Each structure stands twice: as structure tokens, then as C-alpha cells.
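Heads up: the structure comes next, in C-alpha cells.
Nothing here was measured: the structure is a model prediction, and the numbers come from that model. Just so you know, ligand 1 is whichever comes first in the structure, and atom 1 is the first atom listed for that ligand.
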Amino acid sequence: LADHFVQQGGELIITNITDVQMDGDHIAALVTDDGPMSADTVLLAMGPWSKKVAHKLGIKVPFESERGYHIELMNPSQMPRAPMMVASGKFVITPMQGRIRAAGVIEFGGLDAPASRAPLDLLRTQVANLLPEVEYDDVVEWMGHRPAPADSLPLIGANDASGKSYSAFGHQHVGLTGGPKTGRIIADLITQKKPNIDLAPFDPTKYDSKNGQ
Ligand SMILES: Cc1cc2nc3c(=O)[nH]c(=O)nc-3n(C[C@H](O)[C@H](O)[C@H](O)COP(=O)(O)OP(=O)(O)OC[C@H]3O[C@@H](n4cnc5c(N)ncnc54)[C@H](O)[C@@H]3O)c2cc1C
């Protein structure tokens, strides 16, 4: 996707945003490791890390990371023929190239704490019970952050009436699925085309502290 963006004439700059400088209600500049950066339009799409900037913009969304975990059995001796949701254990087994992935778990543990041991051990136990005859070379462990607003609705739209900054974050468990549509909607909004859905439920300004929220 990034390559496509660059091929279309876009400029990709990867850097760390440490703060935003405000000019009244608007973003004057992003403070980054490569110095201040400004733009005609800023899109806030920092996934689980969006809260600090959103709150600085006055978008006081109640927001947490829902941490999720998976383990992967590398070079397994047997492979499931299809993905399976193991309802009793609340996890999903997926056959992948050269590995079996077992994923699940929701944990409220914030953005900074290291991965917890218990969810990974739980997945290991559940997989061993489900696939007792499968042998493998190694187990790879992973933890990631799902961006979760309290009402489970992503924030999609302008952050204020000026239309100089937009939000596109908070897709909780379905960001890979919802992201492309959200991208299309945001592109339409920035280029002043009317999207074909009612965006009111996703309006970032519903959290605007100036609206008394
Ligand atoms: C455990 C787990 C299970 C999931 N399961 C599903 C699923 O079943 N179906 C589905 O559709 N989706 C799933 N997802 C995706 C999830 O729903 C998220 O919504 C999605 O990953 C968020 O995408 P995003 O582009 O908004 O944020 P991200 O992909 O998190 O991207 C945010 C970006 O912001 C960057 N960033 C953060 N802070 C800064 C900073 N200070 N400066 C510069 N850059 C910064 C990060 O480096 C990152 O590149 C899952 C995610 C997890 C973690």
C-alpha cells in the first residue's frame, strides 16, 4: 500500500510524533523526531496510540487498548485443513504457511506494560489439549493492541468544523476489515465528496469537550 502511494506521487515520511503544537483549536504543527511538520490537512490514524493526540484536540474519547495474544507452532507435523473457532476455549486456530496460529484473549493492560505470561500459557495449554499429536520446532509468541473506544464505534470524520484535521481510528476488533472503507470515506470527506453512509454515529465531535461531553 505504501509503495502504491509513493508510485502515485505521494511522499512517505516515517518518523515518531512526540506532540502536537496547537494554534487555538487547530493543529499548527506535528512535533516529530525529525522536527516540526505541518500540512493543510492532518489525519489522526495512530490506532491504539491515538488517545493522547485526540484528547489534546479536545476529542475526549474514552479509549483503551484491548490487548490480544497469539502463539504460532512453527513447522508443525500436521496441519488443520481449515480455520476453526474453538468456542469452548474462545480462541481461533488458523493454518498458515509453515505454521499454525492460535489467537484469542482480551486483556486490559495498557500500552506500556510488557506481555503477560498467563494468556500465552493459557493458549499453549489449550492448543496442547486440542492438538495433542502435533509436533513442531518452536513456538513464537505475540501480543498486539486493539484500539477500543468505550462504545466500540470507530471515530471517522472531521475533528472540528474547520475540516483541517480528521480522525480515522478506533476500529477495535475489526480494523483490517473496516480500514479500507474508512480510508475511502476519509478521502471523500477531505476532497469534499459526500459519503454514501450516515456518519453521525462515528462523528469524532460527539466527544468534543466544547460540546459539553
Ligand atoms: C490481537 C488483534 C486481533 C485483531 N483481529 C482482527 C480481526 O479479526 N479482524 C480485523 O479486521 N482486524 C483485526 N485486528 C486489527 C484491529 O482491529 C485494529 O483495528 C487495527 O490493527 C488498527 O489499524 P490502524 O491502522 O488503525 O492502527 P495500527 O495498525 O495500529 O497503526 C497505527 C500506526 O500508528 C503508528 N504510530 C503510533 N504512535 C505513533 C507516533 N507517536 N508517531 C508516529 N507513528 C505512530 C504505529 O507505528 C502504527 O504504524 C486485530 C488486531 C489485534 C491487535
Side-chain angles (χ1 to χ4, degrees), residues 1-6 10-21 27 29-39 42-57 59 61 63-72 82-87 89-96 99 101-116 118-120 122-123 126-127 140-157 159 165-187 202 204:
L1 190 60
D3 289 346
H4 178 73
F5 172 71
V6 172
E11 183 187 1
L12 181 66
I13 303 171
I14 298 177
T15 188
N16 184 38
I17 300 164
T18 54
D19 200 359
V20 287
Q21 283 173 356
I27 296 176
L30 303 174
V31 182
T32 80
D33 286 354
D34 294 304
M37 292 184 187
S38 57
V42 174
L43 174 61
L44 172 55
M46 289 157 71
W49 296 272
S50 300
K51 182 164 118 177
K52 184 175 149 196
V53 174
H55 281 211
K56 188 146 188 182
L57 292 173
I59 308 294
V61 53
F63 190 81
E64 257 306 328
S65 158
E66 285 186 33
R67 292 150 51 117
Y69 289 79
H70 76 227
I71 60 169
E72 290 180 342
M84 289 180 283
M85 175 167 281
V86 185
K90 296 190 172 61
F91 70 106
V92 175
I93 289 274
T94 309
M96 303 179 76
R99 61 205 198 274
R101 178 178 291 178
V105 184
I106 294 172
E107 178 192 52
F108 289 108
L111 291 168
D112 299 325
S116 305
L120 294 164
L122 177 69
L123 284 170
Q126 287 171 323
V127 170
V140 174
E141 300 176 335
W142 177 84
M143 183 270 285
H145 299 279
R146 305 179 188 94
D151 66 358
S152 297
L153 294 174
L155 288 80
I156 306 170
N159 293 324
S165 81
Y166 291 79
S167 285
F169 68 92
H171 293 70
Q172 28 85 27
H173 291 228
V174 290
L176 297 176
T177 313
K181 178 69 177 172
T182 296
R184 170 54 57 203
I185 290 169
I186 290 290
F202 313 105

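A salt bridge does not link K52 with D19: none of the charged nitrogens is closer than 4.0 Å to a carboxylate oxygen.
Between the side chains of E141 and Y69, no donor N or O sits under 3.5 Å from an acceptor N or O.
A distance limit of 4.0 angstrom between heavy atoms and ligand 1 selects the residues T15, N16, I17, A45, M46, G47, P48, W49, G68, W142, G144, H145, R146, P147, H171, Q172, H173, V174, G175, L176, T177.
A heavy-atom distance below 4.5 Å is found between the side chains of F91 and I93.
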Only distances under 3.5 Å count here; give the side-chain donor-acceptor pairs of residues 172-179 to other protein atoms, sequence neighbours excluded, each with its distance to 0.1 Å.
| from | atom 1 | to | atom 2 | distance (Å) |
| --- | --- | --- | --- | --- |
| Q172 | NE2 | S152 | O | 2.9 |
| H173 | NE2 | E66 | OE1 | 2.5 |

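Aromatic ring pairs are classed by plane angle as parallel below 30°, tilted from 30° to 60° and perpendicular above 60°; the pair H70 and W142 is parallel.
One N or O on the side chain of T32 and one on the backbone of D34 form a donor-acceptor pair closer than 3.5 Å.
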